[in-house]
Undergrad: 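Okay, here's the structure, questions in a sec.
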Amino acid sequence: MFYTGAMASIAPSPVILSDTRPPIAAEVARGVTRMLLAHDLTAMPEVPLDGGRRADLMAIDARGQIVIVEIKVSRADLFGDGKWTDYLAHCDRYFWAVPAGFDVSPLEGEVFMPSRTGIIVADRYEATILREASTTPLPAHIRKRGTLSFARRAARRLIGCLDPDAIQGF
């Protein structure tokens, strides 16, 4: 299709992405994504990172700061995650997101959530930051690589929604 008029006159198509996460994790992701958007952070789910890890949610704000949110739906899931420190090299701020009703009080003798990390509690409609994450600025070259990767992945996902045949084989 060729556009001869102003692009503003073209109504955007709705974008629907399938979510393969377990229902509770998907609901937490939805609530966190809504909260991030309300704070001018644009989030994308399931973002592959250098080194083979995959962030549950990655968001970028208007200043280019990168936030990673890892969703944990049980204490076993949280305490069994030995890879979370790998994500720190890819973001300025790191949050754990847990479902509403998750007990976030520390267990006796256990380090529940390290101090650099923030805590978000969410349901499918909204989320609340219980503890803000500290900010550790990324080096410029890592920020640029991460931002370009995020933008290109977002564009490919949009193309896949609009024309799934266009991205076959790429």
Side-chain angles (χ1 to χ4, degrees), residues 17 19-157:
L17 298 174
D19 196 334
T20 59
R21 289 174 287 210
I24 294 172
E27 290 181 3
V28 170
R30 182 177 189 247
V32 171
T33 299
R34 286 176 164 208
M35 182 208 59
L36 291 171
L37 192 56
H39 289 97
D40 199 26
L41 284 104
T42 306
M44 182 169 39
E46 299 296 325
V47 179
L49 305 170
D50 291 342
R53 299 289 183 215
R54 181 181 304 260
D56 289 337
L57 288 173
M58 180 183 271
I60 297 181
D61 69 13
R63 295 178 298 150
Q65 285 196 334
I66 298 173
V67 173
I68 289 180
V69 179
E70 278 299 293
I71 298 168
K72 299 298 176 190
V73 297
S74 70
R75 281 177 128 30
D77 188 19
L78 176 66
F79 290 122
D81 185 349
K83 65 188 183 334
W84 73 270
T85 56
D86 296 347
Y87 297 100
L88 299 178
H90 302 279
C91 63
D92 298 288
R93 292 186 299 154
Y94 180 92
F95 287 90
W96 301 96
V98 297
F102 192 99
D103 180 12
V104 295
S105 63
L107 296 175
E108 182 146 348
E110 294 180 300
V111 176
F112 184 69
M113 294 183 181
S115 61
R116 177 178 174 192
T117 65
I119 304 169
I120 300 171
V121 175
D123 62 21
R124 68 176 288 123
Y125 300 106
E126 61 187 357
T128 302
I129 296 175
L130 291 185
R131 182 175 76 197
E132 184 62 59
S134 64
T135 300
T136 303
L138 287 172
H141 71 283
I142 293 175
R143 180 181 315 288
K144 180 178 179 180
R145 185 171 64 227
T147 301
L148 287 173
S149 176
F150 184 94
R152 291 177 53 80
R153 181 164 308 282
R156 282 182 184 261
R157 288 184 184 181

Undergrad: Just jot down the salt bridge (Lys or Arg N to Asp or Glu O under 4.0 Å) partners of Arg145, sequence neighbours excluded, or say none.
TA: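 Arg145: salt bridge (Lys or Arg N to Asp or Glu O under 4.0 Å) contacts with Asp50.
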Undergrad: Is the side chain of Asp61 donor-acceptor paired with the backbone N or O of Leu41 at a distance under 3.5 Å, no angle test?
TA: no
Undergrad: Measure the CZ-CD1 distance between Phe102 and Ile119 for me, rounded to the nearest 0.5 Å.
TA: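 Output value for this atom pair is 9.5 Å.
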Undergrad: Nearest heavy-atom pair of Arg54 and Pro48: which atoms, and what distance?
TA: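 Answer, listing the atom of Arg54 first, then Pro48: NH1-CG, 3.9 Å.
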Undergrad: Report the residues that fulfil side chain to side chain contact (heavy atoms under 4.5 Å, CB included) with Thr147, sequence neighbours left out, ordered by chain and then residue number.
TA: Ile60, Ile66, Arg143
Undergrad: Run the side chain to side chain donor-acceptor pair (under 3.5 Å) test against Asp86 and tell me which residues pass, sequence neighbours left out.
TA: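 Side chain to side chain donor-acceptor pair (under 3.5 Å) check on Asp86 returns Arg53.
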Undergrad: Mind listing the closest non-hydrogen atom pair of Ala29 and Ile71 along with its distance?
TA: CB-CD1, 3.6 Å
Undergrad: From Asp81 CG over to Glu70 CD, what is the distance, rounded to the nearest 0.5 angstrom?
TA: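 That separation rounds to 6.5 Å.
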Undergrad: Which pairs pass salt bridge (charged side-chain N to carboxylate O under 4.0 Å, His left out) with one or both residues in residues 118-128, sequence neighbours excluded?
TA: Glu27-Arg124
Undergrad: I'd like to check Met58 versus Arg153 (side-chain heavy atoms, cut-off strictly below 4.5 Å). Are they in contact?
TA: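 No. Closest side-chain heavy atoms not under 4.5 Å.
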Undergrad: Any idea which heavy atoms bring Gly64 and Asp92 closest together, and the distance?
TA: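 Taking every non-hydrogen atom into account, O-OD2, 4.3 Å.
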Undergrad: Under the side chain to side chain contact (heavy atoms under 4.5 Å, CB included) rule, collect the residues that match up with His141, sequence neighbours excluded.
TA: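 Here the qualifying residues are Pro139.
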Undergrad: Show the nearest heavy-atom pair for residues Asp40 and Ala62, with the distance to one decimal.
TA: OD2-CB, 3.5 Å
Undergrad: For Ser149, what residues pass the side chain to side chain contact (heavy atoms under 4.5 Å, CB included) criterion, not counting sequence neighbours?
TA: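 In terms of side chain to side chain contact (heavy atoms under 4.5 Å, CB included), with neighbours along the sequence ignored, Ser149 is linked to no residue.
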Undergrad: For Leu88 and Arg116, work out which heavy atoms get closest and say how close.
TA: CB-NH1, 3.3 Å
Undergrad: Ile129 and Phe95: side-chain contact (heavy atoms from CB on, under 4.5 Å), yes or no, with the steps?
TA: CA-CA 9 Å; Ile129 296 175; Phe95 287 90; 4.0 Å; yes
Undergrad: Which residues satisfy the side chain to side chain contact (heavy atoms under 4.5 Å, CB included) test with Ala122, sequence neighbours excluded?
TA: Val28, Val32, Ala127
Undergrad: My understanding is that only residues two or more places apart in sequence, or in another chain, count here; which of them pass salt bridge (Lys or Arg N to Asp or Glu O under 4.0 Å) with Lys144?
TA: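 None.
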Undergrad: Is any side-chain heavy atom of Cys91 less than 4.5 Å from a side-chain heavy atom of Val67?
TA: no
Undergrad: Asp56 vs Glu46, test: side-chain contact (heavy atoms from CB on, under 4.5 Å). Steps then yes/no.
TA: CA-CA 5 Å; Asp56 289 337; Glu46 299 296 325; 3.9 Å; yes
Undergrad: List the residues meeting ring-ring contact (aromatic ring centres under 6.0 Å, His included) with Tyr94, not counting sequence neighbours, and say none if there are none.
TA: Trp84, Trp96
Undergrad: Which residues satisfy the side chain to side chain donor-acceptor pair (under 3.5 Å) test with Arg63, sequence neighbours excluded?
TA: Gln65
Undergrad: May I have all residue pairs that pass salt bridge (charged side-chain N to carboxylate O under 4.0 Å, His left out) and include part of residues 132-141, sequence neighbours excluded?
TA: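 Output for this query lists Arg93-Glu132.
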